Amino acid sequence: MEEEDECPELVPIKEKPTGPTAQIPVTIITGYLGAGKTTLLNYILTEQHNKRIAVILNEFGEGSALEKSLAVSQAGELYEEWLELRNGCLCCSVKDNGLKAIENLMEKKGKFDYILLETTGLADPGAVASMFWVDAELGSDVYLDGIVTVIDAKYGMQHLTEEKPEGLINEAERQIALADLTIINKTDLVNESELVELRDTVRVDLSQVLDLHSFDISDGVRLAEKLQLVKTHKPHLDKSMLTITFEVPGSLSEDLLNIFIQNLLWEKTFKNKAGLAMTVIRLKGILSVQQKQKKVMLQGVHELYELDETPEFWADHEPRINRLVFIGRNLDGEILKKEFISAMSNKDRVE
Ligand SMILES: Nc1nc2c(ncn2[C@@H]2O[C@H](COP(=O)(O)OP(=O)(O)OP(=O)(O)O)[C@@H](O)[C@H]2O)c(=O)[nH]1
Ligand SMILES: [Zn+2]
């Protein structure tokens, strides 16, 4: 993770060109960890058969290879191309490489009708947005069409009200404040009154920037005004949030796997070296479960998790392996890996 000291200066945007030389719209899809961004992406991709849509994922931490395989296995071959923008802080990384990478992609693959950019769950979309802005001045092929924020109906409130250490922004709040459109997802997991409460809270949040909409001239100007709000550039990466990834060869029984996950997410029995309980906010994995011919995908958000068989078979001579990503607090990769390996136990291990 990088320190961020050089962030883009804001410059006014030019008018959007129209006609044959029209730029390609980019929609930023943001939202907290596990809110449902990828689910929304997949939905759009399956619904929009007649458009060429490029998808860009901003990866958080080192989990990129895994993220990639997870997303591919969800969406099959729908994705036009993959582009990895490594680094948790888009503000510092994408500014320099992001647009170049998009332009290279277009050179290689021809023009797209649309670009969807999924940010990490901890991204400040203002920083991502300003990247397109700076480049508009330089005459880029792409322009920012809007920011869509996905909100987790079950955990959104918790994310919004979380007290952050002095000086740090609340990512969930920033994501909502900067949204052109908010989508409350996972409404199946809450009751009507919880939904109403969340909806009201989100509205209050949006109203803090509502006056900006009133002097609309173009989207660009509105965005300019919005970005003024985020210009004061506080350190926005919460350093207590850690990403751990590891791989362990072999297969494990479904029962032992469930016990491991429940100890981690429900019982919180795993502690770091300082004796603090590990708290996982987001958990993903591609796993090798005994007696299963297909790869199993693990998805966890706070204490909810699911294990689903993917359509992908383990090939004949493919080594069986488990790949996991954990995002949360007080995490210790060494200890987690050790716990996972011991959960497999010798007799359950297949090399
Ligand atoms: N019950 C329920 N679960 C959902 C819904 N939408 C998504 N999920 C689940 O929520 C989990 C996270 O979904 P993703 O789409 O991967 O979330 P994301 O925001 O892309 O996650 P990150 O990129 O890791 O921050 C998955 O297990 C989904 O199946 C929904 O409407 N209802
Ligand atoms: Zn995602």
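In listed order, ligands and their atoms are each counted from 1. These numbers were taken from a predicted model, which means no experiment stands behind them.
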Notebook entry, point to check: Which one holds for Leu189 and ligand 1: side chain close, backbone close, both close, or neither close, with close meaning a heavy atom under 4.0 Å?
Noted result: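 It is the side chain that touches ligand 1; the backbone stays farther off.
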
Item checked: Proximity of Thr39 to ligand 1 by residue part, where a heavy atom lies under 4.0 Å ->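 Contact part for Thr39 vs ligand 1: both backbone and side chain.
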
Going by heavy atoms in the side chains, are [X] and [Y] under 4.5 Å from each other?
| X | Y | answer |
| --- | --- | --- |
| Lys337 | Val248 | yes |
| Val289 | Leu307 | no |
| Asn185 | Leu40 | no |
| Ile261 | Leu283 | yes |

Main-chain N/O of [Y] paired to [X] side chain as donor or acceptor, under 3.5 Å:
| X | Y | value |
| --- | --- | --- |
| Asn322 | Gly250 | yes |
| Asp145 | Thr27 | no |
| Lys37 | Tyr32 | yes |

Next item on the list: Output the atom name for the N/O/S atom of Glu118 with the smallest distance to the Zn ion (ligand 2).
Entry: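 Restricting Glu118 to its N, O and S atoms, the minimum distance to the Zn ion (ligand 2) goes to OE2.
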
Check: Who gets closest to atom 1 (N) of ligand 1 by heavy atom: Ile29, Asp308, Asp188, Leu40?
Finding: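 Selected option, by shortest heavy-atom distance: Asp188.
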
Item checked: Option whose closest heavy atom lies nearest to atom 4 (C) of ligand 1, chosen from Lys186, Glu118, Lys37 -> Lys186

Note to self: I'd like to know if the Zn ion (ligand 2) has an N/O/S atom from Thr39 within less than 2.8 Å of it, counting both backbone and side-chain atoms.
What the structure shows: no

Margin query: Geometry only, no angles: is Val301 polar-contacting ligand 1 at N/O separations under 3.5 Å?
Written below: no

With heavy-atom distances below 4.0 Å as the criterion, list the atoms of ligand 1 near [X].
| X | result |
| --- | --- |
| Leu33 | 25 (O) |
| Thr38 | 15 (O), 16 (O), 18 (P), 20 (O) |
| Lys284 | 22 (P), 23 (O), 24 (O) |

Next item on the list: Evaluate the ring planes of Phe326 and Phe260, with Trp represented by its six-membered ring, and classify them as parallel (under 30°), tilted (30 to 60°) or perpendicular (over 60°).
Entry: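 Perpendicular.
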
Notebook entry, point to check: Touching ligand 1 at all, Gly31? Heavy atoms, strictly under 4.0 Å?
Noted result: no

